[in-house]
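Each remark here refers to the structure printed beneath this line.
When reading the values below, keep in mind they use all heavy atoms of this one structure, side chains included, and skip hydrogens, waters and symmetry mates. In what follows, chains carry the letters A, B, and so on, assigned in the order in which the sequence lines appear, proteins first and then strands, with residues in each chain numbered from 1.
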There are 2 protein chains.
Amino acid sequence: MALRYDEIVRTGLARQVADLIRAAIMDGRLAIDERLPNEEELAHRFGISRPTVREALKVLAAQNLIRSRRGPAGGTFVTRPDPEGVAQAITDAATLLVGTGSFGREEILVARIETETLCCRLAAANRSAADLERMAAEIALQRQDGLSDEDFCASDVRFHRAIVTATGNGALRLMMHAVIESFIPVTNMLIHRDNERHRAADSHERILQAIAERDGEGAARLIRRHLEGLRGVLDSALERRAAARPPQVSEGEDRTSSDIPRHDDR
Amino acid sequence: MALRYDEIVRTGLARQVADLIRAAIMDGRLAIDERLPNEEELAHRFGISRPTVREALKVLAAQNLIRSRRGPAGGTFVTRPDPEGVAQAITDAATLLVGTGSFGREEILVARIETETLCCRLAAANRSAADLERMAAEIALQRQDGLSDEDFCASDVRFHRAIVTATGNGALRLMMHAVIESFIPVTNMLIHRDNERHRAADSHERILQAIAERDGEGAARLIRRHLEGLRGVLDSALERRAAARPPQVSEGEDRTSSDIPRHDDR
DNA sequence: GACTCTCTATTTGTCAAACCTATTATTGTT
DNA sequence: AACAATAATAGGTTTGACAAATAGAGAGTC
């Protein structure tokens with residue numbers, strides 16, 4: 001008999017338990033909204049302690065696979081995965097990637113241009129009246145004076161999201177969520193200083209018009225031009241910025257003392 | 001002085017701690033590869049106990065934000081987010097959504113058609129010789145006789161992934177990962193019964209040819225036809241299936257006893 | 001002197017047993 | 001019948017301890 005030397009497990013118990021339960025959920029052995037045994041029972045069944053079970057459950061809860069409630073009739077339940085939550089998680093992850101500079105500006109810009117162009121075509125074909133209203137409302141907001149940079153950027157995000165929603169395709173929307181939420185801020189942070197805003201709002205207006213008229217090709221052409229216009233502005237803005245302040249390393253002030261918030265000492 | 005009545009916190013301590021640390025990582029107050037204080041120290045600083053700190057850290061570890069090592073020079077470190085890991089997480093989440101029927105067949109199919117068409121155009125423009133080789137290798141594999149359904153499907157996935165990779169756009173690749181990995185299996189499970197395979201391989205061959213010749217429009221047209229052909233096959237397959245076995249509710253056998261694997265009782 | 005081995009200190013991983021707190025079903029009272 | 005007190009349940013947290021892994025220092029050997 002061949003003795004296998006790879007049987008011993010080096011991963012943590014909590015990790016293993018989490019993986020087991022996740023697998024059970026993923027392939028349907030645990031149905032949606034099904035109640036898992038309580039923590040003590042789980043600990044006993046797996047032959048581990050309750051804190052370890054809890055670590056495992058926390059991991060799964062962090063991935064939105066389960067939820068817990070206290071009290072009788074409480075317990076741990078398998079959650080129905082909702083597109084919104086998943087989209088949010090994807091966005092967070094993508095934002096982090098973008099933040100660390102995993103992608104180049106050009107990559108992000110090309111991805112935006114191509115995917116949003118596509119969405120415009122589909123949106124023109126499938127948009128509802130409500131979609132048009134939502135987009136028009138954002139444009140009106142963007143035309144207001146005295147809007148803060150953050151508010152303008154947020155409205156911009158919502159406008160582009162509205163286009164995606166107007167495609168009427170949930171699967172596409174899930175993917176695009178990440179693009180819109182995490183790619184736009186990067187491209188927009190430096191832009192819209194002052195009167196770039198009006199040009200952006202005008203572009204949005206024309207795009208809306210084309211989508212309203214069910215002119216998919218026109219809308220696609222317009223948003224492509226809109227985003228490619230961004231590229232020029234972005235490049236020059238970055239150059240200006242680089243010239244203005246030479247490479248600096250963020251001068252960590254009192255980092256070690258303030259990086260973790262301090263509670264009272266009980 | 002206005003007393004605020006919404007100050008009391010109803011969320012768990014572990015959750016709060018996780019959120020605080022995540023926020024610190026996200027906006028850069030905790031640098032990549034920086035070492036956090038050890039668990040005891042964290043517990044003391046936050047004014048909570050170590051198991052609670054550990055639950056919080058597990059949550060963050062589940063999101064690939066931190067990693068932990070034992071021993072001296074060990075501890076908890078902020079991880080550099082890697083696109084591969086994020087892509088995998090996105091894929092898992094998307095797979096779950098698809099599995100629960102959150103999206104319709106038509107939605108998924110349209111999303112695939114549109115996004116992959118786009119990728120073909122970009123791939124034709126940017127593909128390298130290595131990309132072409134990878135695609136050719138998969139086609140050769142798909143032409144082999146005696147390939148299992150799983151193996152054929154896996155090769156199909158790799159082929160479509162190769163197209164995405166050939167775009168040379170990492171950001172786009174991240175998004176498409178979810179589409180390819182989680183949308184393809186759904187559309188393919190029922191297909192490729194017997195000799196559909198040859199038609200698929202032929203389609204792949206023509207697409208490769210077009211991409212090799214830098215004919216973006218041609219490649220786009222071909223993959224669109226390829227995927228739209230799938231729609232017909234899929235619809236008829238599903239109808240056949242529905243007719244063959246009437247609505248059944250999966251006859252849970254001994255679910256309650258086997259849903260959670262049982263360890264020995266120590 | 002250079003190398004290898006062992007030992008130790010540090011840090012995460014796991015455990016046990018208790019207590020706290022939120023939630024709900026039940027019971028009792030009006 | 002409606003409402004309020006109460007008990008039971010199950011997750012949330014704490015305390016304190018021990019186990020396991022590992023980097024690095026120090027002892028021993030060639």
Contact summary for A:S182 and A:T95, nearest pair of heavy atoms: CB-OG1, 3.2 Å
Is the phosphate of D:dA10, meaning OP1 or OP2, less than 4.0 Å from a side-chain N or O of A:T76? no
Quickly work out the B:E41 CD to C:dT10 C1' distance and round it to whole Å. 14 Å
Can you give me every donor-acceptor pair (side chain of residues 50-61 of chain B, partner residue at least two apart or in another chain, under 3.5 Å) with its distance?
{"unit_1": "B:R50", "atom_1": "NH1", "unit_2": "B:E39", "atom_2": "OE1", "d": "2.4"}
{"unit_1": "B:T52", "atom_1": "OG1", "unit_2": "B:S49", "atom_2": "OG", "d": "3.2"}
{"unit_1": "B:R54", "atom_1": "NE", "unit_2": "A:E55", "atom_2": "OE2", "d": "2.7"}
{"unit_1": "B:R54", "atom_1": "NH1", "unit_2": "B:E39", "atom_2": "OE1", "d": "3.4"}
{"unit_1": "B:R54", "atom_1": "NH1", "unit_2": "B:E39", "atom_2": "OE2", "d": "3.0"}
{"unit_1": "B:R54", "atom_1": "NH2", "unit_2": "A:E55", "atom_2": "OE1", "d": "3.2"}
{"unit_1": "B:R54", "atom_1": "NH2", "unit_2": "A:E55", "atom_2": "OE2", "d": "3.1"}
{"unit_1": "B:E55", "atom_1": "OE1", "unit_2": "A:R54", "atom_2": "NH2", "d": "3.2"}
{"unit_1": "B:E55", "atom_1": "OE2", "unit_2": "A:R54", "atom_2": "NE", "d": "2.7"}
{"unit_1": "B:E55", "atom_1": "OE2", "unit_2": "A:R54", "atom_2": "NH2", "d": "3.1"}

Tell me every residue that passes salt bridge (charged side-chain N to carboxylate O under 4.0 Å, His left out) with B:R67, counting only those two or more places apart in sequence or in another chain. B:D33
Residue pairs passing the salt bridge (Lys or Arg N to Asp or Glu O under 4.0 Å) test where at least one lies in residues 72-82 of chain B, sequence neighbours excluded: none
Contact check, residues 53-62 of chain B vs DNA chain D, heavy-atom distance under 4.0 Å, returns none
Tell me the salt bridge (Lys or Arg N to Asp or Glu O under 4.0 Å) pairs involving residues 86-104 of chain A, sequence neighbours left out? none
What is the distance, to the nearest angstrom, from the CZ atom on A:F77 to the P atom on C:dT23? 13 Å
I'd like a list of close polar pairs between nucleotides 3-9 of chain D and the protein, N/O only, cut-off under 3.5 Å.
{"unit_1": "D:dT9", "atom_1": "O2", "unit_2": "A:P72", "atom_2": "N", "d": "3.2"}

Nearest whole angstrom, please: distance from the C1' of D:dG11 to the CD of A:E39. 5 Å
Of all heavy-atom pairs linking A:A87 and A:H177, the shortest is CB-CD2, 3.1 Å
Atom CG of B:L13 and atom C1' of C:dA22: how far apart are they, to the nearest Å? 14 Å
Residues, nucleotides or ligands: over 12 heavy atoms within 6.0 Å of A:E41 CD: yes
Spacing of A:L36 atom CG relative to D:dG11 atom C1', expressed in whole Å: 13 Å
Tell me the interatomic distance from A:R50, atom CZ, to D:dG11, atom P, rounded to whole angstroms. 7 Å
Return the minimal non-hydrogen interatomic distance between A:I32 and A:T79, and the atom names on each side. CG2-C, 4.3 Å
To the nearest angstrom, the CG-C1' distance between B:L42 and C:dT12 comes to 12 Å
In whole angstrom, what separates A:R69's CZ from C:dT24's P? 6 Å
Looking at A:R173 and A:E84, does any basic side-chain N land under 4.0 Å from a carboxylate oxygen? yes
Closest to the 5' end of DNA chain C, once A:G74 and B:G74 are matched to their nearest nucleotides, is B:G74
